[in-house]
Amino acid sequence: MSEREISEHYVEGCAQILAEVSATGRRLTREELTSRRELGEQAADAGHGLRALVSAHLSAARAAWPTAPGTADSALAALHQVIDAFSEGYERAQRQAVRQEEAARREFIDDLLYGRADLGRLAERAERFGLRLSHAHAVAVAQGPTAYDEGDKVPQQVERALISRFGDRSVLLTTKDGRILCIAPGHQDDVLAYFAKQAHAATEGGRVAIGRAQPGPGGVVHSYEEALNALELAERLELEDPVLRAADLLVYPVLTRDRQAMADLVVSTLGPLTTARGGAEPLLGTLVAYFDSGCVAAEAARRLSLSVRAFTYRLERIHKLTGADPADPAHRYMLQTAVIGARLLDWPAKRL
């Protein structure tokens with residue numbers, strides 16, 4: 001359709017309306033306003049720019065401008081009504097298109113992260129949003145003190161920072177279950193690292209987990225699940241690192257793969273601590289501090305606000321109750337593994 005044909009189609013009837021209104025001084029009828037709105041919707045759906053369409057209306061008005069005295073005010077009022085109704089229809093169609101696009105994007109993201117759609121069809125839909133699922137992708141997940149939606153200030157701030165730094169790099173930024181997600185090609189680790197930095201700052205100290213790069217259409221959901229598991233591990237183990245990489249935490253899923261075996265180790269190794277005065281928690285916390293400080297008693301004592309002598313007494317008490325000496329390399333691995341298992345299984349708060 002040529003520019004002339006566009007102009008003629010969407011201003012159809014405009015000259016006649018102006019002529020009648022200027023001659024009679026009446027306002028536009030409901031049917032006339034409805035026809036203008038419908039033309040505005042059609043123009044928006046067809047992808048034409050509003051500026052050119054308004055210009056076409058003004059040109060049509062000039063061509064049909066009344067020459068009789070005293071009719072200019074009526075013609076201007078009618079032209080105002082015509083353009084206002086046309087713009088209203090145009091904007092309504094645009095809002096509807098935006099809502100449909102948002103719904104399609106949200107449906108795609110849900111299917112992508114749950115892995116419940118046909119992978120071939122999912123890969124086709126992904127290209128619309130800048131992802132090529134035939135390549136490997138990695139997912140970073142940021143969790144802050146509050147839940148976030150895509151329209152919130154924090155996700156938008158992070159997105160602006162990414163666009164400013166990297167431009168268009170086939171990166172998808174979104175939110176899911178109150179968390180901020182960044183999906184990027186697997187080889188673009190610099191993007192995910194920068195996202196982690198910006199998200200940590202924007203969420204005022206939130207934590208970010210980065211899944212490993214995984215290949216194929218199902219790779220995104222696997223990387224996403226790894227990042228979620230890393231966040232859960234960090235919470236259970238009270239890890240202090242603001243940025244966690246699933247690749248660095250692979251030992252923990254391995255340790256808990258046989259849950260019953262791990263529970264048996266915890267109970268058999270640390271169970272005697274429950275007989276201590278005050279229960280197992282203080283002595284378990286002593287072991288956590290000891291191992292987290294690299295088995296340096298002075299540093300562990302400082303973390304627990306204890307004197308070195310009091311801390312050493314606790315280690316001796318653990319040795320006496322369990323038969324395992326934390327300072328002995330031969331016993332240390334078993335104790336540390338049991339402590340990790342206790343934290344992962346929430347023992348002794350939960351009975352194993």
Side-chain angles (χ1 to χ4, degrees), residues 109-117 119 122 131 133 135-148 155 158 171-189 191-200 203 205-266 284 288 291-292 336-347 349-350 352:
I109 290 170
D110 288 344
D111 290 344
L112 180 66
L113 297 179
Y114 284 129
R116 61 190 178 192
L119 294 182
L122 189 65
L131 299 180
L133 296 185
H135 299 169
H137 285 80
V139 181
V141 180
Q143 182 171 283
T146 61
Y148 305 104
V158 175
V171 174
L172 179 62
L173 193 86
T174 186
T175 59
K176 183 66 177 173
D177 297 331
R179 304 180 184 93
I180 310 172
L181 277 63
C182 181
I183 304 171
H187 66 280
Q188 294 185 4
D189 188 67
V191 173
L192 296 176
Y194 189 72
F195 164 80
K197 178 181 178 181
Q198 294 298 318
H200 175 68
T203 57
R207 178 174 281 153
V208 184
I210 302 175
R212 293 178 297 165
Q214 301 285 357
V220 171
V221 67
H222 293 156
S223 183
Y224 172 61
E225 290 173 350
E226 283 189 343
L228 290 182
N229 289 336
L231 288 174
E232 183 180 355
L233 279 172
E235 185 175 351
R236 288 190 180 185
L237 298 177
E238 299 178 355
L239 302 180
E240 298 178 354
D241 296 340
V243 179
L244 305 161
R245 291 185 176 271
D248 297 334
L249 302 174
L250 290 177
V251 65
Y252 298 109
V254 171
L255 289 175
T256 56
R257 188 161 296 166
D258 190 337
R259 182 184 177 89
Q260 187 57 53
M262 178 57 76
D264 290 343
L265 175 65
V266 171
L284 181 62
V288 169
F291 294 131
D292 286 351
Q336 188 167 9
T337 304
V339 167
I340 292 172
R343 298 169 76 180
L344 291 173
L345 300 177
D346 198 19
W347 182 88
K350 292 182 179 179
L352 301 180

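Because only heavy atoms are used, hydrogens play no part in the values below, and waters and symmetry mates are left out as well, while side chains stay in.
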Could you tell me the separation between the CD atom of Glu226 and the CZ atom of Arg245, rounded to the nearest 0.5 Å? 12.5 Å
Provide the closest heavy-atom pair for Pro155 versus Leu173 in the form atom of the first, atom of the second, distance. O-CD2, 3.6 Å
CG on Leu113 to CD1 on Ile183, rounded to 0.5 Å: 5.0 Å
Check against side chain to side chain contact (heavy atoms under 4.5 Å, CB included), Leu284 and Val339: CA-CA 7 Å; Leu284 181 62; Val339 167; 4.1 Å; yes
Which value, rounded to the nearest 0.5 Å, describes the distance between Tyr148 atom OH and Asp177 atom CG? 14.5 Å
Apply the test side chain to side chain contact (heavy atoms under 4.5 Å, CB included) to residues Ile340 and Val251: give CA-CA distance (whole Å), side-chain angles for both, the deciding distance (0.1 Å), then the verdict. CA-CA 10 Å; Ile340 292 172; Val251 65; over 6 Å; no
For a side chain to side chain contact (heavy atoms under 4.5 Å, CB included) check, start with the C-alpha distance between Val288 and Glu238, then their side-chain angles and the critical distance, and finish with the verdict. CA-CA 10 Å; Val288 169; Glu238 299 178 355; 5.8 Å; no
If you measure from OG1 on Thr174 to CD1 on Ile109, what distance do you get to the nearest 0.5 Å? 3.0 Å
When you compare the side chain of Thr337 with that of Met262, does any pair of heavy atoms fall below 4.5 Å? yes
Less than 4.5 Å apart, any side-chain heavy atom of Leu244 and any of Leu233? no
Without hydrogens or angle criteria, can the side chains of Gln143 and Arg207 be said to hold a donor-acceptor pair below 3.5 Å? no
Closest heavy-atom contact between Val208 and His200? CG2-N, 4.3 Å
Approximate separation, where rounding is to 0.5 Å, of Ile180 CD1 and Gln198 CD: 11.0 Å
In this structure, CG of Leu344 is separated from CD of Glu232 (nearest 0.5 Å) by 9.0 Å
Looking at Ala138 and Gly211, what are the two nearest heavy atoms and their distance? CB-O, 3.7 Å
Looking at Lys176 and Asp110, is any side-chain nitrogen of the basic one under 4.0 Å from a carboxylate oxygen of the acidic one? yes
Minimum heavy-atom distance between Val158 and Ala199, given as atom pair plus value: CG2-CA, 4.0 Å
What I'd like to find out is whether the side chain of Gln214 reaches to under 4.5 Å of the side chain of Ser223, using heavy atoms alone. yes
Shortest non-hydrogen contact from Ala230 to Leu249? CB-CD1, 3.8 Å
Exercise: identify the closest heavy-atom pair between Ala196 and Ile210: CB-CD1, 4.4 Å
A side-chain contact here means heavy atoms from C-beta on lying under 4.5 Å apart; do Val171 and Phe195 qualify? no
Using the side chain to side chain contact (heavy atoms under 4.5 Å, CB included) rule, take Gln260 and Asp264 through it: C-alpha gap first, then chi angles, then the decisive distance, then the call. CA-CA 6 Å; Gln260 187 57 53; Asp264 290 343; 2.9 Å; yes
